[in-house]
Amino acid sequence: MSTLSDLVYAQGRSTGADVEWLHSLAGDGQLLADLAFADIVIWVPTADDSFVAVGHARPSGAATLFYRDIVGDPVRPQWRTQIREAFFSGMIVDSASPDWFEETPTRVRAVPIVRGSGSGRTTLGVLTRHTNLGETRTPSRQQITFNECADDLFGMVASGDFPDLSAPTAPRRGAPRASDGLVRLDVDGTVTFASPNALSAFNRMGFEDELEGESLVEVTTEILPEKRQFDESLPLVVTGRAPWRADIEARGVTVSLRTIPLRDHGTRIGAIVLCRDVTELRHQEQELITKDATIREIHHRVKNNLQTVASLLRIQARRSHTEEAREALTQAMRRVSAIAVVHDTLSEGLTQRVDFDDVFDRVLKLVAEVAAAPTTRARTRSVGRFGTLPSEYATPLALALTELVTNAVEHGLAGKEGDVEIEAERDPERLLVRVRDNGVGLPEGQVGRGLGTQIVRTLIQGELGGTIDWHTLVGSGTEVTIDIPLRYIALD
């Protein structure tokens, strides 16, 4: 499905600032739909003098009129005249009589989407509200207030006062919605309406009276614990003067607030404060942070322990009296060090995914330094990108490549000068790695049967579910090809 940006830019009439404005308005489409108890559709003009839908939000507390997604569809003939009038006049246009949509009576309101004011005023498109009249019933006080709030916001859309791009663009997890709790403030910050959910949220924090008629600033001051640090943006939120978000915490309860100042042609007339009890969500977030820190610490300690083991092996290798024992201990030390590099990388981030290109660069330096004999001069280089891999892929792959590069340096280039190239090629389905050297090579079909070869086969075929193939040409070096499926890894 095309994104809002794709659909808007396809019309060839909008700038980046226009798209940002429409994106912000579409982000509040659900709020408008819930307040208006109606479907909200955003239309932008097309090159053929018509309009196309680029955004749609269905109401949470009322029946939707559009059971199929209409984003990307051209405007229907029955709405075109009304939408054109709103777009070119810059005025809100209501349908004169009920509009029938698939045998359902509806009422349509067309609101011009305006950015800027004065000489910089630009009409970007039209927002339509489609109200289902088939479920008409006597409205409650809450529904009346919600509709009044929606009308205020529609007026702000038409005057260029909404959305406010200075508001936070990325809502925190658990951002409040209209159904979670709504408080209406007058220009002085006094509560003129509080929904039952909003009142319950404040009651759980310790406020025992009715909110209506109270100053929200005084209510908040009363329930906040003394000597407790609070969000610095909280005063702006509870006075209704800034489009911001903040959390209130009292008696073990956390309530998230979002304020939307209401304006009439630039003059502040009050505010909407949305509130939601996010106690459980914040507890979950804190638990995740704690677990992330614990996992990072574990990786750090594992890395330290592996480095200690590698150091012990290095010391033992230096004290060995036979070349065979010294070589075996050196290889073990190198393998342990390669695994330590992966854990070191994991200890630096918050996810269990690693940038394998960074890991392999470090492993490659380690291998080249340790494997090369005094009479061998190996030049190593890496081509292509491995990308990001989960830790369960990174550890066996790092160890396998360590073995292959080591073999290329120790056996393929033994006692001579040469090159070792590692080429990585990745797509959404697979990771293809080739390790090639220009050493002496081996007779075709005679692949080594040592411990290193067995380790590589076990890691690639057993742990990674991939395939490995050796191509050896006498006098021309060796090429090893590794093919690993990536069906369950997102391409980065």
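All values below come from the heavy atoms of this structure, side chains included, with hydrogens, waters and symmetry mates left out. The shown structure was predicted, so the numbers you read here are calculated from the model rather than taken from an experiment. Counting from 1, the numbers follow the sequence of the chain as shown.
Residue C275 comes nearest to L257 through the heavy atom pair CB-CD2, 3.4 Å, listed as atom of the first residue, atom of the second, then distance. Residues R426 and T388 come closest through the heavy atom pair NH1-O, 3.0 Å. Shortest non-hydrogen contact noted between V238 and L185 is O-CD1, 3.6 Å. Heavy-atom minimum distance, Q30 versus R58: NE2-O, 2.8 Å. I248 approaches I223 most closely through the heavy-atom pair CG2-CD1, 4.3 Å. Of all the heavy atoms in F386 and F360, the pair that sits closest is CE1-CD2, 3.8 Å.
The salt bridge (charged side-chain N to carboxylate O under 4.0 Å, His left out) pairs that include a residue from residues 205-216 are R141-E212, where partners are two or more places apart or lie in different chains.
Residue L127 is tested with L25, I83, I92, L22 for a side-chain contact (heavy atoms from CB on, under 4.5 Å); the sole match is L25.
In this structure, a donor-acceptor pair under 3.5 Å is absent between the side chains of S195 and N197. A donor and an acceptor atom, one from each side chain of S60 and D34, are located under 3.5 Å apart. Side chains of D483 and T467: no donor on one and acceptor on the other come within 3.5 Å.
Between L224 and L234, the closest side-chain pair of non-hydrogen atoms falls below 4.5 Å. Considering only heavy atoms from C-beta on, F356 comes within 4.5 Å of L401 through its side chain. Using a 4.5 Å heavy-atom cutoff, the side chains of L182 and L35 are in contact.
Under 4.0 Å is where a charged nitrogen must lie from a carboxylate oxygen, and between R204 and D277 at least one such pair does. A salt bridge links R184 with D152: at least one charged nitrogen is closer than 4.0 Å to a carboxylate oxygen. In summary, D28 and R258 engage in a salt bridge, as defined by a charged side-chain N under 4.0 Å from a carboxylate O.
For R362, the salt bridge (Lys or Arg N to Asp or Glu O under 4.0 Å) partners at least two apart in sequence or on another chain are D344.
Annotation for R268: atom CZ counts as buried by contact number, over 12 foreign heavy atoms lying within 6.0 Å.
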From CA spacing to verdict: side chain to side chain donor-acceptor pair (under 3.5 Å), D188, T190: CA-CA 6 Å; D188 297 318; T190 301; 5.6 Å; no
Go through T192 and D186 one step at a time and tell me if the side chain to side chain donor-acceptor pair (under 3.5 Å) criterion holds. CA-CA 7 Å; T192 60; D186 64 15; over 6 Å; no
